[in-house]
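Here's the structure we're looking at; comments come further down.
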Amino acid sequence: MTNRNLNRTILAAVDNQIRENNPPITRMTLEKLKKLGYTEKIAKEKIAAVLIEEIYDVMKNNAPYDEERYSKKLRSLK
């Protein structure tokens, strides 16, 4: 059950980024992945995986969020 809640929370964060266009790379990545043939659901899940990785890195290293690092990871999605 916790994993479902976590999944919903992370996907909601991705939806917020897309809706608010902040950072813009999130929406651009969604559109790129859809053009590559991914469904919107799968594309958002791929973005969410990157977001989870970024959150993990921030927490593990007790470091601030690095938008450039996050953007680079999103750009590398295929």
Side-chain angles (χ1 to χ4, degrees):
M1 186 125 135
T2 302
N3 288 339
R4 284 187 199 154
N5 290 335
L6 179 59
N7 188 43
R8 278 194 297 268
T9 300
I10 295 297
L11 288 172
V14 169
D15 284 336
N16 287 340
Q17 288 181 1
I18 293 165
R19 183 180 57 254
E20 295 172 11
N21 201 33
N22 185 21
I25 189 66
T26 307
R27 180 179 291 165
M28 292 173 8
T29 302
L30 174 66
E31 295 306 320
K32 177 185 92 171
L33 292 172
K34 286 170 45 177
K35 285 179 184 176
L36 290 172
Y38 292 100
T39 64
E40 185 163 325
K41 179 181 185 294
I42 297 297
K44 286 180 179 181
E45 288 172 351
K46 290 173 79 67
I47 293 167
V50 172
L51 180 57
I52 289 168
E53 185 178 319
E54 182 61 26
I55 292 169
Y56 176 79
D57 287 344
V58 166
M59 293 178 71
K60 178 182 175 195
N61 299 315
N62 196 27
Y65 163 70
D66 184 338
E67 187 171 332
E68 183 58 37
R69 180 179 59 207
Y70 180 59
S71 296
K72 184 178 177 181
K73 290 176 184 177
L74 286 179
R75 279 190 217 96
S76 72
L77 287 176
K78 295 179 183 177

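Contact record, Val58 with Pro64: CG2-O, 4.0 Å, taken as the closest heavy-atom pair. When all heavy atoms of Ala48 and Leu11 are compared, the closest pair comes out as CB-CD2, 3.9 Å.
The only option from Ile25, Val14, Ile52, Ile42 that meets the side-chain contact (heavy atoms from CB on, under 4.5 Å) definition with Ile47 turns out to be Val14. Among Lys46, Lys73, Lys72, Lys60, the one residue that satisfies the salt bridge (charged side-chain N to carboxylate O under 4.0 Å, His left out) test with Glu53 is Lys73.
The CD atom of Gln17 sits 11.0 Å away from the CG atom of Leu30 when rounded to the nearest 0.5 Å. Taken from CD1 in Ile18 to CE in Met28, the straight-line distance is 12.5 Å, to the nearest 0.5 Å. Taking OG1 of Thr29 as the start and NZ of Lys34 as the end, the distance is 12.5 Å to the nearest 0.5 Å. A distance of 10.0 Å separates CD in Glu67 from CG in Leu74, rounded to the nearest 0.5 Å. Interatomic distance, Arg8 CZ to Asn3 CG, rounded to the nearest 0.5 Å: 11.0 Å.
Side chain of Lys78 to backbone of Leu36: no donor-acceptor contact under 3.5 angstrom is found.
Looking at heavy atoms from C-beta onward, Ile55 lies in side-chain contact with Ile10 at the 4.5 angstrom threshold.
Residues Asn16 and Arg19 have side chains that bring a donor and an acceptor to within less than 3.5 angstrom of each other.
Under the 4.0 Å criterion applied to side-chain N and carboxylate O atoms, Glu40 and Lys44 are assigned as salt-bridge partners. With salt bridges taken as basic N to acidic carboxylate O contacts below 4.0 Å, one links Glu45 and Lys41.
The side-chain hydrogen bond (donor to acceptor under 3.5 Å, both in side chains) search around Glu54 returns Arg69, not counting sequence neighbours.
Counting heavy-atom neighbours within 6.0 Å of Tyr65 OH, excluding the residue itself, gives a total above 12.
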